[in-house]
Structures are given as structure tokens and as C-alpha cells.
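Structure record follows, encoded as C-alpha cells.
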Amino acid sequence: MRRVMLLGGLLAAGSLSVVAAQQPPAAPAGPKVIDILKLKDNLYVLTSSTPGNAATFSGGNVAVFITDNGVTLVDDKLAGWGQAVLDKVKSVTNKPITRIINTHTHGDHTGNNNFFGASVEIVAHENTKTNMAKMDAFKGENARYLPTKVYSDKTSLGSGKDRIDLYYFGAGHTSGDTFVVFPALRVLHTGDMFAWKDGPLCDRNNGGSCVAFPRTLQKLIAEVKNVDTVIPGHSPMQTPKDLQEYQKFTADLLSYAVDQMKAGKSADDATAGFNVDKYSGYKKERVRGAIQAVYDELKK
Ligand SMILES: [Zn+2]
């Protein structure tokens, strides 16, 4: 345990710069408060606050799935929050954490792989492993905290009520976004392919694509039907209907951006003319970023 803690401290400093490029910095020293939400008897969520407030932002929504053989986490929040994650998991089960699924590469979803140690199985899409290997947090000695198991299109872990299905449908937020389904519980974790009701963040440095985003979500909706509850990347729990609306929103935003680009409009002008009012509860804080990503992607 002591060795793990020491490594955790050493790594935290190294991973901050990586995190800062994409997300707000890790919280300063102080009480680290994570809320826990019970979805089912054996499924909890360590909830996320909206990115932006560095003092309270712990990272994305973490699913805590309690199986016969141990606990599986989907994502593991920002570096420095590992103990707070562990404390919350211990408040609902005595079972050890045996597996972590990283939905994608970002530091607010992979920041505590090191904290939980090299004996834990770490699963991700093959492209996410490639993306993670470029991060300072996983260089040198720390490469041992990279995914130990990868897949290409679809895979399943465990069996019966403990089964977890992992799906890959193409680029979007990054090049390696995994959708995690708990079929016995009819719950889906989308990672940041549905992070919030706002413009999608398409991380082109990690193979993300706002052009592919709606198509990738469409494949998900067409293929994965057995779901009642959606755990998004960073917002409160959603329904399949919300997910369908988000797919429509990303498709509308893409075709709008393409039209505006053809008409010679600047990204600022295009953003000003985009109306989110017809979507329920949508914000416009990230619409410009998404339009710019489409422009960057389509220009030669
Ligand atoms: Zn992300």
C-alpha cells in the first residue's frame, strides 16, 4: 500500500500537464468530496460535477459494478482522487477492485489507474491504449498502468448477471471511445460520447471527429437496445430518449456547420446563428468548439 501511495504522489505531478491540456487542473489540496448515487443493488455511480470548477471537479462519472468476484470501475477520475474513489467504493462493498475499464484516454477518466495498482485488470479499446501510451502519466515505469486487455469491435467480460459488454462504433470524442453495457441491469455508460447537453468535444489530437460523431452514436442506438438508464460522461443520469436527442443534436450541428462553411461564414458567425432552444435543456457553451472542429476537419 505504501509503495502504491508513493507512486501515486510521484505520478500526480507528472500527469497534471497532460490533464491541463484537455481539462481543468486537478483540485488543490483540501477535502475531496465525491457523491455516490445508487442505481441498482450492485451498481453505483461516483458522480461528476461539470468541468470548470477546479476545486470541486473530480473527473467523469464512475460506474461501480459489484460482481461475485470483485468490483469493476468504469473510469477512475482525475489523478489525486484515488483515495476518495476507494473510500466511496468501500462505503458500499467489502469486495476488492479487480478491474478498471477506461472509456477513453483523457486524464479525468484514467487518472488513478496507477493508484489502484498493477494487479488490477485494465480494459480499453485498442486505440485508447495507443492514445494513453502518448501521455506522460503512462511513460516509462508507468506503462504498467496502461490497459492490460484491449479489443477492436466488441467484447464481453464475465458471464451471467455479471456480464459486461464493450462496444466500439468508431471515432467521436476520441478515436477509442468504449460504450459499456451492463445487460442484466439495462444500464449503459457512454463515457464522453454523451458528456453533457451541449456541443460535443472532439479531441482531434487523439483521433476525435465531430464529423464522425453523429454516425458513431447512430450505430450505438441501432445496435444497443436493451437499455433503460444512461450514465453520461459528466452529467446527471439520462434516458435512452435523451441519448437519441443528443444524437439528433450532433447530427443537426454537423449539417449546420457544413452548410455555414460552404456559405463562407466564420465559425463565430455560424455559432451566433445556431439555436439550441428546440432541444430540451441544452447549453451553448461548447457549440463554437464543435463547429470549429468541423471546420478544421473539412478544410484541406
Ligand atoms: Zn474526455
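Residue numbers count from 1 along this sequence. Note that ligands are numbered from 1 as they come in the structure, with each ligand's atoms numbered from 1 the same way.
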Connected-component partners of Val123 among ILVMFWY, side-chain separation under 4.5 Å: Leu37, Leu39, Leu43, Val45, Phe65, Val74, Ile101, Tyr151, Leu157, Ile164, Leu166, Tyr168, Val180, Phe182, Leu185, Val187, Ile231, Met237
Ion pair check, Asp165 and Arg163, cut-off under 4.0 Å: yes
N, O or S atom of His109 closer to the Zn ion (ligand 1) than 2.8 Å: no
Pair Lys161 + Asp68: basic N to acidic O under 4.0 Å: yes
The Zn ion (ligand 1) to nearest N/O/S of Asp192 below 2.8 Å: yes
For the Zn ion (ligand 1), the closest N/O/S atom belonging to His106: ND1
Sequence neighbours excluded - disulfide bond (SG atoms under 2.5 Å apart) pairs with any residue from residues 167-259: Cys202-Cys210
